[in-house]
Amino acid sequence: DGANDRQIFFRITLPNLRTILTYTLVTSLIGGLNVFDIPKLLNKGGPDMVIPLQVYDEYHGNWYTVTGVRMELSSTLPLSSLTFETDPLTNMTSAADVWIENVSGVTSVTIPEGVQKLKIGKFYDLVSLKLPSTVTSVYEYAFADNVSLKHFEWGGLRTIPRWAFANVGLEEIIVPDGTALVDSAAFINSTQLKKVYIPDSVVTLGSDVFNGCTGLSDGRLPENEHITSLGSRFFKDCSSLETIHIPETVTKLDEWAFDGCSSLCHMNIPHALSELVTTVFGGCNAVFDELTIPGTLEDASLLPMNVKKLTVEEGVRKYIGWLYYTEEIVLPSSLEILPSVIGCKKATVPTAQYIQHSADTLEELTLTSTETMGGALRNFVMLRKITLQEGVTFLPDEAFKGASSLPDITIPSTVTSIGQNAFEDCTSLKSIVVPEGVEDLNEVAPTLTVNHHVETDDGVVVETVYDGGSEASFLIGTDEDSTI
């Protein structure tokens, strides 16, 4: 009576609870001591987990050697690293393996010497992984979905199975020398991957190897006689890929191999290539600096058309499309179906018909046919240089009509006839080398409306050939008095 709250708690309530508090404290301590062996066994009492080499069976009184580990750890365990005891696992057999997955919080994993097969499943926070020299193979999906993984040591791994590095966080992968297999989808959807190196020892490449690697900008592929194709979707949707060297031994590019490579602008076409499958380069919208199409590929229509400098070698028969970005082009006489060349500035083609769509832009032209011009070059207003081959015997009517920028021309010595109005409106023409075999220059004269310079085969130079009058007078030959 008369006691306050403080006095009631300490003098009445707490003394009455003394017995039950003592009982609770003792039983809790006993329970805590009973579970001491579990954390001590797993991680020696520390915050990290250590896998032991041997386990003691107290019930039977026997020691057992660890020959394999497979576990799924709770995401609530306070782990930051996972390792094994440092002594070699000398008792492990060829079947020994480690399989661990679905772990949060662990940033580093070290696998001991002696383990021979491995799968490190999804570690939500794994940054570093080190393999020993004894690990020579891993399971499919071995390191898949470890999106935080930044550092990887290969150890003895020399075979990369399917999906092994799918969706990992590695930015650079250098496959070690001696690796023979990079299987399908090995690095698929690894969006953070920027650079990859695959050594010449690799003899097998699967499909989808870099499919979806949107950050990949530079890749090196193996060069050996075993690499004869790039499989389906090999670089599909590698939207950052700018440069790639395709092995010269490749004879086939499979479907969608480079589909969606929207930044690709530096690439070679192997001289062994003979087969393209549908939509190999779909979505390759960047303009290639230079491309050479080998003659082994008869139908090149599936190759990119957006090329600045294009060379098509003899043997290609079909190359259909519109070439809007080509500034310089070389086309062969083997082409049966021609591309439409728009806006070209420099061309080496068999005949005039190959280049008619570039009349407004073409500045330099070499016709490689030794038989014919293949038609007139009308209104090529920017043409400044024309080269014709020996063997051509006839220049057609209006052959260079409207070539108002053409300053000079050398006519092959085999030409014996020049058609009417061949040089009409060639207002910049100052020099013509006329072969001795041309029989009638009066057909040419009416088109020469300004003073010209004419040089004959035997070296006679006449400064004024035609003065624009009503009569045409040409001085030709060794005798300056001879007039035609």
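Since we're looking at a predicted model, the values are computed, not measured.
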Under 3.5 Å, which donor-acceptor pairs link side chains of residues 328-343 to any protein atom two or more places apart or in another chain?
| unit_1 | atom_1 | unit_2 | atom_2 | d |
| --- | --- | --- | --- | --- |
| S333 | OG | E314 | OE2 | 2.9 |
| S334 | OG | G315 | N | 2.9 |
| S334 | OG | V316 | N | 3.4 |
| S334 | OG | V316 | O | 2.7 |
| E336 | OE1 | R317 | NH2 | 3.2 |
| E336 | OE2 | R317 | NE | 3.1 |
| E336 | OE2 | R317 | NH2 | 3.0 |

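The aromatic ring centres of F288 and Y325 sit 6.0 Å or more apart. Checked against the 6.0 Å centroid criterion, the rings of F258 and F234 do not qualify as a close aromatic pair.
Using bins of under 30°, 30° to 60° and over 60° for the plane-to-plane angle, the ring pair F210/F187 lands in the parallel bin. The aromatic rings of Y324 and W322 sit parallel, their planes meeting at an angle under 30°, below the 60° perpendicular limit.
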Checking side-chain contact (heavy atoms from CB on, under 4.5 Å) for the pair T372/F394: CA distance, chi angles, key distance, verdict? CA-CA 7 Å; T372 177; F394 173 69; over 6 Å; no

Derivation of the ring-ring contact (aromatic ring centres under 6.0 Å, His included) call for W154 and F143: CA-CA 12 Å; W154 291 84; F143 315 108; 8.0 Å; no

Is there a side-chain contact (heavy atoms from CB on, under 4.5 Å) between L253 and V277? Walk through the geometry before answering. CA-CA 6 Å; L253 296 179; V277 184; over 6 Å; no

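Taking N167 as the reference, D145 meet the side chain to side chain donor-acceptor pair (under 3.5 Å) condition, with sequence neighbours excluded. With sequence neighbours left out, P199 forms a side-chain contact (heavy atoms from CB on, under 4.5 Å) with V175, D177, Y197, S201, V202. Remark: T414 engages E390, P412 in a side-chain contact (heavy atoms from CB on, under 4.5 Å) (not counting sequence neighbours). Every residue two or more places apart in sequence or in another chain that forms a side-chain contact (heavy atoms from CB on, under 4.5 Å) with T279 is listed here: W256, D259. By the side-chain contact (heavy atoms from CB on, under 4.5 Å) test, T243 pairs with H266, sequence neighbours left out.
Taking the charged nitrogens against the carboxylate oxygens, R378 and D425 have no contact shorter than 4.0 Å, which rules out a salt bridge. Remark: E327 does not engage K309 in a salt bridge, criterion side-chain N to carboxylate O under 4.0 Å.
For the pair L181/I160, no side-chain contact is recorded, criterion being any heavy-atom separation below 4.5 Å from C-beta on. At a threshold of 4.5 Å between non-hydrogen side-chain atoms, the residues L273 and L276 count as touching.
Around the NZ atom of K194, the shell of radius 6.0 Å holds no more than 12 heavy atoms that belong to other residues, nucleotides or ligands.
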